[in-house]
Amino acid sequence: MNVFETVKTSINTREAAEHYGIEVNRYGKTLCPFHNDRHPSMIVYDDHYHCFACGEHGDVIDLVANLYGLPVLDAANKLAYDFGILQDKPPTKTMQEKLNKKSEAQRLKENEKLCFSALLAYMKLLQEWKVLYAPRTPEDDVDSRFSEACHWLDYVEHLVGTLIGGDSYERNDVIEMMLTDNKLTKLQKYLEKVKKEEHSIGEQTI
Ligand SMILES: [Zn+2]
């Protein structure tokens with residue numbers, strides 16, 4: 001058997017899709033990675049995939065070739081390597097680089113996870129501040145944390161809600177926005193700083 005046959009007979013298309021960052025639901029449906037899919041239009045079967053919206057269609061090797069922009073032979077070798085079959089031939093250095101390249105879907109998913117956890121942490125912090133530092137009497141000075149919560153909470157809740165319930169367009173918009181001007185990194189650093197400060201305040205009061 002050549003590499004094409006070996007890969008096709010030993011690797012399940014659905015497993016491969018999931019391995020490369022495409023989430024397939026229990027009905028085999030998923031958001032198509034080859035067009036901007038608003039609702040899951042692609043069905044991933046055991047031995048092939050088909051998108052009912054854009055018509056993309058193929059076997060497990062085509063899937064990987066299209067996801068990574070690889071020629072089919074490289075895609076077959078990548079599958080063989082990633083799934084631990086045909087290990088007698090170690091990949092060359094240039095091949096290795098291709099193999100380690102992450103697919104667009106994987107990169108997007110990783111960024112989405114990072115955005116979600118940072119935004120969720122910020123949302124919880126603001127929710128806490130809004131209650132904890134609310135002025136008790138009309139004469140009280142307004143705590144800066146309370147103002148920050150009033151100013152940002154609705155917006156941050158909206159962003160978190162979009163990442164939970166939005167379609168792929170809407171979620172991508174949030175991710176892109178968060179990656180512009182290093183907003184994500186800035187937010188992560190800010191949360192880190194706040195955590196340290198709150199911790200040291202906590203120690204002082206003890
Ligand atoms: Zn499609």
Side-chain angles (χ1 to χ4, degrees), residues 14 17-42 44 51 53-54 67-68 100-206:
R14 196 190 288 210
E18 283 176 344
H19 182 83
Y20 297 118
I22 299 169
E23 264 171 80
V24 183
N25 72 16
R26 59 201 169 103
Y27 307 107
K29 283 189 139 188
T30 182
L31 287 171
C32 173
F34 305 121
H35 79 274
N36 210 341
D37 205 1
R38 293 182 76 86
H39 304 288
S41 308
M42 180 180 273
V44 186
C51 174
C54 73
L67 275 178
Y68 289 86
N100 290 335
K101 212 182 115 199
K102 282 179 182 158
S103 77
E104 203 48 47
Q106 277 172 310
R107 247 200 310 268
L108 197 67
K109 209 168 137 186
E110 281 171 16
N111 284 334
E112 186 169 345
K113 267 189 198 158
L114 292 174
C115 288
F116 182 71
S117 72
L119 285 169
L120 188 69
Y122 190 40
M123 184 182 89
K124 285 184 181 162
L125 184 74
L126 293 178
Q127 285 170 340
E128 205 183 288
W129 282 0
K130 201 170 180 180
V131 178
L132 214 57
Y133 301 110
R136 303 280 172 240
T137 66
E139 291 80 37
D140 279 357
D141 285 336
V142 177
D143 192 291
S144 64
R145 286 162 290 197
F146 178 74
S147 321
E148 184 175 332
C150 291
H151 191 75
W152 290 107
L153 188 54
D154 282 352
Y155 180 58
V156 175
E157 279 177 345
H158 163 75
L159 295 178
V160 170
T162 306
L163 287 180
I164 293 172
D167 60 36
S168 62
Y169 277 112
E170 294 163 341
R171 298 202 315 268
N172 286 357
D173 281 350
V174 173
I175 299 163
E176 251 171 54
M177 183 279 292
M178 287 301 291
L179 296 179
T180 315
D181 302 328
N182 292 323
K183 283 196 198 71
L184 176 62
T185 322
K186 284 179 196 159
L187 179 59
Q188 286 168 330
K189 282 197 185 136
Y190 177 68
L191 290 168
E192 198 60 37
K193 194 178 132 241
V194 169
K195 216 164 102 186
K196 269 189 205 148
E197 280 172 6
E198 301 258 297
H199 189 66
S200 62
I201 290 167
E203 277 173 349
Q204 279 166 18
T205 49
I206 289 166

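We use all heavy atoms of the structure for the numbers below, so side chains are in, but hydrogens, waters and symmetry mates are not.
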Next on the checklist: Would the distance check show the side chain of Asp37 and the main-chain N or O of Cys32 forming a donor-acceptor pair, the cut-off being under 3.5 Å?
Outcome noted: yes
Item to check | CD1 on Ile164 to CG on Leu120, rounded to 0.5 Å | outcome: 7.0 Å
Next on the checklist: Parallel, tilted or perpendicular: which one describes the rings of Trp129 and Tyr133, with boundaries at 30° and 60°?
Outcome noted: perpendicular
Item to check | Residue pair Ile175, Leu184: steps toward the side-chain contact (heavy atoms from CB on, under 4.5 Å) verdict | outcome: CA-CA 9 Å; Ile175 299 163; Leu184 176 62; over 6 Å; no
Next on the checklist: Surrounding OH of Tyr190 (heavy atoms of other residues, nucleotides or ligands, distance under 6.0 Å), is the total greater than 12?
Outcome noted: yes
Next on the checklist: Checking His39 against Asp167 for the side-chain contact (heavy atoms from CB on, under 4.5 Å) test, could you report, in this order, the C-alpha distance in whole Å, the side-chain angles of both residues, the deciding distance, and whether it holds?
Outcome noted: CA-CA 7 Å; His39 304 288; Asp167 60 36; 5.5 Å; no
Next on the checklist: Can you confirm whether more than 12 heavy atoms, excluding those of Lys189, are under 6.0 Å from its NZ atom?
Outcome noted: no
Next on the checklist: Any heavy-atom pair between the side chains of Met178 and Leu119 that's under 4.5 Å?
Outcome noted: yes
Item to check | Spatial distance of atom OG (Ser117) from atom CG (Leu187) [nearest 0.5 Å] | outcome: 9.0 Å
Checklist outcome for this item: Heavy-atom closest pair (Val142 atom, Ser147 atom, distance to 0.1 Å) is CG1-OG, 3.4 Å
Checklist entry - Is it true that a side-chain atom of Asn25 and a backbone atom of Lys29 form a donor plus acceptor pair closer than 3.5 Å? => result yes
Item to check | Nearest atoms (heavy-atom pairs only) where Arg14 meets Arg26 | outcome: NH1-O, 4.1 Å
Checklist outcome for this item: Note: Arg171 and Glu112 closest approach over all heavy atoms is NE-OE2, 3.0 Å
Item to check | Side chains of Thr30 and Pro40 in contact at under 4.5 Å (non-hydrogen atoms) | outcome: no
Checklist entry - Can you name the nearest heavy-atom pair linking Ala121 to Leu191, along with the distance? => result CB-CD1, 4.0 Å
Checklist outcome for this item: In short, Cys150 meets Lys130 closest at the heavy-atom pair SG-CE, 4.3 Å
Item to check | Val156 to Leu126 - nearest heavy-atom pair and separation | outcome: CG2-CD1, 4.1 Å
Next on the checklist: How long is the straight-line distance from CG of Leu67 back to OH of Tyr20, given to the nearest 0.5 Å?
Outcome noted: 9.0 Å
Next on the checklist: side-chain contact (heavy atoms from CB on, under 4.5 Å) for Leu125 and Lys195? Distances and angles first, verdict last.
Outcome noted: CA-CA 10 Å; Leu125 184 74; Lys195 216 164 102 186; over 6 Å; no
Checklist entry - Got more than 12 heavy atoms from elsewhere within 6.0 Å of CD, Glu170? => result yes
Checklist entry - Roughly how far apart are Met123 CE and His158 NE2, rounded to 0.5 Å? => result 13.0 Å
Next on the checklist: Within the 4.5 Å heavy-atom criterion, are Leu163 and Cys115 side-chain neighbours or not?
Outcome noted: yes
Item to check | Between CG on residue Asp173 and OG1 on residue Thr162, distance to nearest 0.5 Å | outcome: 9.0 Å
Next on the checklist: Using 0.5 Å steps for rounding, measure from the CD1 atom of Ile22 to the CG atom of Leu108.
Outcome noted: 11.5 Å
